[in-house]
Amino acid sequence: MEDQTVVLIVGAGPAGLATAACLSRLSVPYIIVEREDCSASLWRNRAYDRLKLHLAKEFCELPHMSYPKDAPTYIPKDQFVKYIDNYIECFNIRPRYHTAIESCSYDECRKCWFSVARDSKTSVVIRYTARFLVVASGENSAENIPVIPGLRGFAGDVIHSSRYKSGATYSGKNVLVVGCGNSGMEIAYDLASHGANTSIVVRSPVHVVTKEIIRLGMTLVQKIPVSVVDDLIVRMSNFIFGDMSRHGIVRPKVGPLLLKAETGRSAVIDVGTVDLIKNGTIQVLGNISKIKGNIVEFEGGKKGAFDAILFATGYKSTANTWLKNGESMLNNDGLPKKQFPNHWKGANGLYCAGLAKRGLAGIAIDAKNIANDILSSYHA
Ligand SMILES: Cc1cc2nc3c(=O)[nH]c(=O)nc-3n(C[C@H](O)[C@H](O)[C@H](O)COP(=O)(O)OP(=O)(O)OC[C@H]3O[C@@H](n4cnc5c(N)ncnc54)[C@H](O)[C@@H]3O)c2cc1C
Ligand SMILES: *[C@@H]1O[C@H](CO)[C@@H](O)[C@H](O)[C@H]1NC(C)=O
Ligand SMILES: *[C@@H]1O[C@H](CO)[C@@H](O)[C@H](O)[C@H]1NC(C)=O
Ligand SMILES: *[C@@H]1O[C@H](CO)[C@@H](O)[C@H](O)[C@H]1NC(C)=O
């Protein structure tokens, strides 16, 4: 099978859908393909039950559609999925599901992107030619699990945060959470609330804040220099949480908003985990040095027996595995070479949406930029 279009969008998560919506408003024809059998699969299939948007709703809108007026400030997962369903209907987006892109390359002679996809149900190969290619396959495309000596031989369960639903099945078990980002800290809380004996590995400094403080900071930074706002966030957070260094949690030297902008690392929004750490319900441990059977050894010599290890160690982009000739835009990790705000455009009609570690707000900016840029060269 062969299909021709103006724009091919790879991935029907928020980034692909936002790009599709912007293109359709500008009447630019496109095809959007998705390897799974649904849109926003991260949110439908790879997110834990208690997940809400971490950021206030005004920072989480896709282009051209607001949340309902009566929506809560922090949108629960199911309501976000409903918003996505409305978005798809409103802009009449028709993703081609279970269509996984296996390779994309630029054809110099025909001046177009040539893609090979496979229908994951029937194994039928589909070819697409498109003048523009939008990589919207996500920063969260594959699980990232660090290499740890002895992990393969670990006697208990090993799971990644994307497959975690709730702590209900871990009651009474000794569980080790690795990673102290938003997912790790919230999952540790969820495990402990379900009666698991929970420990968390904190390997590096981290900013812990409240959702209200970060909302205030994100609002102020639109008017006030980031250094001033960061200073305020840190003071307010220290006032609320106190010095947590004796519990193994120290703040990075760089402030939370600047750190996010420079490295993509988010501040952790506390959901109650800090109280449980302070009163000893959740133990904080240092980096793992090795694993033997069900015994995990930590740097500094501590040891413990665990029934399960949960890796909340993030994700990887996989765009570099299928995108050939993407060097103008992406590095070997499948992430943009150029810094925000110049990350979204490569050579020969190549674009990326949602790869700048800026969440849904960043996705909205990318989608609008890409659609406008395509429109200007499409008519040229
Ligand atoms: C637990 C969690 C909570 C988060 N909370 C927030 C929040 O509160 N606020 C915020 O702004 N951001 C948040 N984020 C950031 C998150 O990255 C975005 O919200 C969003 O889901 C990213 O959208 P995306 O479309 O770029 O990627 P994804 O949602 O990952 O979508 C990419 C799609 O591409 C598909 N795909 C991949 N490879 C191929 C291929 N080869 N062929 C075809 N299809 C392919 C995938 O199946 C997937 O459906 C959160 C992320 C996580 C993991
Ligand atoms: C720790 O605090 C939590 C929540 O406030 C409480 O439910 C729990 O009983 C406390 N545990 C201990 C050991 O004090
Ligand atoms: C943690 O330990 C692993 C080996 O188990 C090592 O590869 C890694 O660099 C360490 N990380 C930090 C932040 O010390
Ligand atoms: C809970 O986990 C900690 C850390 O591994 C361990 O020291 C403690 O003995 C465990 N408690 C129980 C009741 O198993």
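Model, not experiment: these values are computed from the prediction. When a ligand or atom number is given, it counts from 1 through the structure's own listing order. These values consider heavy atoms only, across backbone and side chains, with no hydrogens, waters or symmetry-generated copies.
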Looking at ligand 2, would L276 count as a contact under a 4.0 Å heavy-atom criterion?
yes
Nearest protein heavy atom to atom 44 (N) of ligand 1, by residue and atom, and its distance?
R35 N, 3.1 Å
List the closest protein heavy-atom neighbour of atom 38 (N) of ligand 1: residue, atom name, distance to the nearest 0.1 Å.
S137 CB, 3.5 Å
Which protein heavy atom lies closest to atom 9 (N) of ligand 1, and at what distance to 0.1 Å?
C60 SG, 3.6 Å
Ring centers of Y106, F114 separated by less than 6.0 Å:
no
Quick one: nearest non-hydrogen protein atom to atom 3 (C) of ligand 4, plus distance?
Q283 OE1, 3.5 Å
Does Y48 approach ligand 1 within less than 4.0 angstrom via side chain, backbone, both or neither, non-hydrogen atoms only?
neither
Note: D37-R44 ion pair, threshold 4.0 Å (strictly below):
no
Which heavy atom of the protein is the closest neighbour of atom 18 (C) of ligand 1, given with residue, atom name and distance?
L360 CD2, 4.1 Å
Quick test of your reading of the model: are R96 and D3 salt-bridged, counting only N-O distances below 4.0 Å?
yes
Between K292 and E297, does any NZ, NE, NH1 or NH2 come within less than 4.0 Å of an OD or OE carboxylate oxygen?
no
Electrostatic pair E143:K316 at N-O distance under 4.0 angstrom
no
Checking E139 against Y315: is there a side-chain donor and acceptor pair closer than 3.5 Å?
no
Specify side chain, backbone, both or neither for N174, according to which of its non-hydrogen atoms lie closer than 4.0 Å to ligand 4.
side chain
Considering heavy atoms of the protein only, find what lies nearest to atom 52 (C) of ligand 1 and give residue, atom and distance to 0.1 Å.
L42 CD2, 4.4 Å
Quick one: which ligand 4 atoms are inside 4.0 Å of a heavy atom on F306?
5 (O)
Can you find an N or O of K52 that's nearer than 3.5 Å to an N or O of ligand 1?
no
Of the protein's non-hydrogen atoms, which lies at the shortest distance from atom 6 (C) of ligand 2, and what is that distance?
N279 ND2, 4.2 Å
Among all protein heavy atoms in this structure, tell me which lies nearest to atom 42 (N) of ligand 1, with the distance rounded to 0.1 Å.
I101 N, 3.0 Å
Nearest protein heavy atom with distance in Å, relative to atom 11 (N) of ligand 4
N197 ND2, 2.8 Å
Centroid separation Y87 to H64 less than 6.0 Å:
no
